[in-house]
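For reference, the structure discussed in these notes is given below.
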Amino acid sequence: MGERRIGQQRSAAWFGASGRAGMIYRSWMRSQGFGPDVFDGRPVIGIATSASELAPCNAHLGRVAEAVKRGVWQAGGFPLAFPTMATGETLMRPTAMLYRNLMAMEVEELIRANPLDGVVLLSGCDKTTPAMLMGAASVDLPAVMVTGGPMLTGKFRGQDVGSGTHVWKFEEELKAGRMTQEECFFAEGCMARSNGHCMTMGTASTMACLAEALGMQLPGSATWPAVDARRFETGQDAGRRIVTMVEEELRPSKILTREAFENAIRVNAAIGGSTNAIIHLLAIAGRVGVPLAMADFDELGRVVPTLLDLMPSGRFLMEDFCYAGGLPVVMRQLSEAGLLHDGALTVTGKPVADNVSGAECWNPEVITAVDAPFQPAGTGTAVLTGNLAPDGAVVKQSAASPELLTHTGPALVFETAEDYHHSADDPDLDVTPDTVLVIRGAGPKGYPGMPEVANVPLPAKLLNQGVTDMVRICDGRMSGTGYGTVVLHVSPESAVGGPLALVRTGDLITLDTPARTLTLQVSDEELAARRQAWERPESPYVSGYTWLYTEHVTQANQGADFDFLHGRRGPGVPRDSH
């Protein structure tokens, strides 16, 4: 790697300083047992870890951090691990999405404020991956991501069970009386039997794959199970690689280009990825100044077939995907079909084409071929517009019922998801299979935080009749592990006066997915009169973080980031106060 000299690195402003300031920086580090040789100008590598017992998907990242440290030491760097908050999807209330931007802000400022030359980002749960990418992109120091990996495949009564996906199925079985509470208790342990994030193609798995597709994660590393020894090998490899990236000055701004985002959008379509990826990619793009819009996801994804037969859209799980060859196989197939920008740069220092050219598929049932796909092109996430969603809405076609993707029915409106849940078991609820359930008050400002409440369970009355799906429309999100004909991310949201706020029970709504439209069958004149009478709800938040969030969060079609965090601010070097 060549001889180093003090002053080469950003960290030299701390550890290479003379006089009292340098003495303070070095001596307090030496109190941890580091010898003087680590201050010789070698790259200082931060290991940002979101390990937390309050975020079960991330609980094992301390072990991954130790593997990263080994790699950094091997490459001649100086590794220093530091904690970040963890936006644990499974426990945080009211929703982990409320805190994604706070985590991104924390990651950004921790990187900028400390003597770091590069950083390895350790994430796992849904929001930790985009939050870390957002923060690192804003600082623009060399960075590589290592996601924590999926859980082992769940097993229940001799069948494979997907974490998240089967939650919805078991709930419906319980509500319909086909499963007992005791059976559900037993099934809980069968779904989550190891460390790691959901092993379905939910948001965590999706964002791990998209971090790799963007070029920010080492090839093939998104799918290794959390407890597989190769997960830790991946960490060690990342530790070695980041040291070289610092010397190459390979920064996120060189990787996160328009071409990289187009690759990620097409990969998301090919893997049947979560609709939440749209919001996260929009937010990350906003941090690096890359123009990206919701319409891009439809235009770029429409020509891409779904290649993965994975839950919630298919049969298999992330372990199967891993052993079939992982994401490089998918990307190679897309590349050979002319659907990727082969020259997009990645953290390996090589373009995408070089990274995936040798990938082989070991199970064509799991990873199907482009010319014989699991689902044909045009069946991925669709972006809708119309008078009910002027700035867009989305529907995940692969998780929906085909016969409902074109549907007209009367609205049944609920002001909040909680209002719906209080009514869902009422045997006298005025609802039929044709009814369109409308849930509002679930957008970024309205909830606040845009929770995953859109795919509400069907009314018990219909479940008892054997109905398995119906159209649901919401300004909130849906779990990536969920399924059903659910229109999501309706923008603008109801809380800011979007048309969703004007819908009344009984209004006819038409969902025409092939035409990409969502239409409220009410005249413009009537809508104008309703808008005149509408009153914005008064916010209950007058201070604290939630006030900051509701004041500054953007709409879903803009990534639901803070308006004051758009753009790249660079690494800087804080003023020396010593």
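This is a predicted model, so every value here is computed, not measured.
One N or O on the side chain of Gln397 and one on the backbone of Gly380 form a donor-acceptor pair closer than 3.5 Å. Using modelled atom types, no side-chain atom of Ser479 and backbone atom of Glu452 make a donor-acceptor pair closer than 3.5 Å. Side-chain N or O atoms of Asp320 include one that pairs as donor or acceptor with a backbone N or O of Leu317 at under 3.5 Å. The closest donor-acceptor contact from the side chain of Ser313 to the backbone of Leu310 lies at 3.5 Å or more, if one exists at all.
When all heavy atoms of Val486 and Val395 are compared, the closest pair comes out as O-CG2, 3.6 Å.
When each of Asn455, Asp469, Thr513 is checked for a side-chain hydrogen bond (donor to acceptor under 3.5 Å, both in side chains) with Thr485, only Asp469 meets the rule.
Residues Thr203 and Ser274 have side chains that bring a donor and an acceptor to within less than 3.5 angstrom of each other. Using modelled atom types and a 3.5 Å distance limit, the side chains of His341 and Arg258 yield no donor-acceptor pair. Side chains of Ser335 and Asp342: a donor-acceptor N/O pair is present below 3.5 angstrom, by distance only. When only modelled atom types and interatomic distance are considered, Thr153 and Asp160 share no side-chain donor-acceptor pair under 3.5 Å. A side-chain donor-acceptor contact under 3.5 Å links Gln521 and Thr510.
In the displayed structure, Glu183 atom CD is contacted under 6.0 Å by more than 12 heavy atoms of other residues, nucleotides or ligands.
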